[in-house]
Amino acid sequence: MNTVSIGVITMDGPAGVGKSTLARRLADALGIAYLDTGAMYRTLGLRLGAEAADMDDATLRARCAECRFTLENRGGGQPVLCCCGEPVGMEIRTEKAGRLASVVAKLPVLRGELQKAQRAIGAECSLVAEGRDMGTKVFPFARHKFFLDARAEVRAKRRYLELEARGALNGATLEEIQAGIEERDLQDRNRPVDPLRPAPDAHIVDTSDLDIDGVLRVLIDAVAAAQPAEDPLRPAGTARSQVPVPPECIHLFGGGRPGHDLLTEARLAGLSAARRLAHPGGIPEEIASGLSCGLEGRGTLFFAECPVPQGAEGARTALAAVQSAAACVALSFPEGAPREIAASIR
Ligand code: DC
């Protein structure tokens with residue numbers, strides 16, 4: 001398995017199902033990184049507070065941008081989740097942080113910002129990404145997707161024992177903990193943005209009657225079974241860039257006439273950027289055959305898209321290809337025509 005890049009493994013599921021322990025253990029077993037996306041929501045919950053719900057979009061976006069998340073190697077063991085270079089610590093493991101996290105997790109702007117940060121981290125290295133929307137929204141192209149579930153009473157019992165072991169019960173009863181878990185489930189499953197649900201291609205694992213080692217075995221076996229013998233150059237996502245096309249520039253696309261087609265020119269510009277970056281390895285096959293340029297929205301938007309080859313280099317090359325294609329188009333517009341290029345990896 002070591003000669004093949006694992007890419008992203010997504011692990012979603014409701015509160016108290018043992019996702020964190022399992023995601024961390026799975027990452028350890030496979031020698032890849034672990035990304036706890038709940039910790040990112042908890043950090044923003046604590047930093048921004050419940051007032052985040054009343055902020056206008058621009059303010060909220062700016063406040064999110066103040067918190068730059070990275071996975072950093074701090075010597076020995078797993079890379080550590082950091083916010084602005086500082087490790088995220090136990091301060092987020094409180095009931096208050098959990099409550100604030102579920103408040104801010106309902107805000108579409110904040111979710112969008114965190115999802116971008118999560119994809120950027122996933123483009124850098126193989127990892128187990130744990131959360132609620134990893135397989136459905138953040139990494140829809142992940143090769144391995146798991147959705148862990150367990151009966152509510154089993155999850156409540158596990159949470160009770162865990163809090164008791166940490167001396168953090170604070171007088172809570174098992175019934176209260178179960179009620180809290182059921183309430184949070186209801187919120188997570190029914191919220192309008194990115195509700196908790198399994199991706200259609202997720203492997204659903206019911207952990208109710210298994211211990212941690214039993215579940216871990218199921219996960220490792222599933223990863224091994226789905227892992228190809230050699231890297232099939234399977235894409236790790238799609239890179240896309242776009243430029244708005246003003247009505248007076250549509251003629252530049254030549255209506256598809258050979259030799260007059262800005263779409264062909266844009267594609268060639270993208271390929272040549274990828275070739276420059278990929279030198280001396282040669283242009284990756286996904287980009288050579290998969291880079292496509294087109295117009296959508298009745299000619300109001302130019303887009304360039306290509307699959308992202310596995311690995312950090314692949315992401316960089318794919319982005320350069322689609323950005324150069326879009327730049328070729330934008331630079332063909334006359335002075336004064338809009339030139340803003342949006343580029344991202346999904
Ligand atoms: O897994 P956790 O308890 O640390 O998550 C904290 C909150 O963040 C919880 O309300 C669910 C939310 N969350 C989310 O909406 N999407 C994620 N990818 C991860 C967590």
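Please read all numbers here as calculations on a predicted model, not as lab measurements. Whatever order the structure lists them in is the order used to number ligands and atoms, beginning at 1.
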Enumerated ligand 1 atoms positioned under 4.0 Å from heavy atoms of [X]:
X	answer
Ala105	12 (C), 15 (O)
Ala101	6 (C), 7 (C)
Arg42	2 (P), 3 (O), 4 (O), 6 (C)
Arg191	14 (C), 15 (O)

Contact check: [X] vs ligand 1, nitrogen or oxygen atoms, below 3.5 angstrom:
X	result
Arg132	yes
Asp133	yes
Thr37	yes
Lys19	no

With respect to atom 16 (N) of ligand 1, which of Arg93, Arg111, Lys106 exhibits the smallest heavy-atom separation?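 Considering heavy atoms of Arg93, Arg111, Lys106, the nearest to atom 16 (N) of ligand 1 sits in Arg111.
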Residue of the set Asp194, Asp188, Thr37, Asp12 for which side chain to side chain donor-acceptor pair (under 3.5 Å) holds with Arg132: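 Answer after filtering Asp194, Asp188, Thr37, Asp12: Asp188.
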Which pairs of donor and acceptor atoms, one on a side chain in residues 17-27, lie under 3.5 Å apart (sequence neighbours left out)?
unit_1	atom_1	unit_2	atom_2	d
Lys19	NZ	Gly13	O	2.9
Lys19	NZ	Pro14	O	3.1
Ser20	OG	Glu130	OE1	3.4
Ser20	OG	Glu130	OE2	3.3
Arg25	NH2	Asp213	OD1	2.6

Backbone N or O of Ala321 within a donor-acceptor pair of the Ser324 side chain at under 3.5 Å?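 Here the side-chain-to-backbone pair does not exist.
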Parallel, tilted or perpendicular for Phe302 and Phe253, by the 30°/60° rule?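 The rings of Phe302 and Phe253 lie parallel, inter-plane angle below 30°.
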Region of Met134 that comes within reach of ligand 1 [heavy atoms, distance under 4.0 Å]: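 Only the side chain of Met134 comes within reach of ligand 1.
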Using a 4.0 Å heavy-atom threshold (strictly under), name the region of Ser102 that reaches ligand 1: side chain, backbone, both or neither.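 Both parts.
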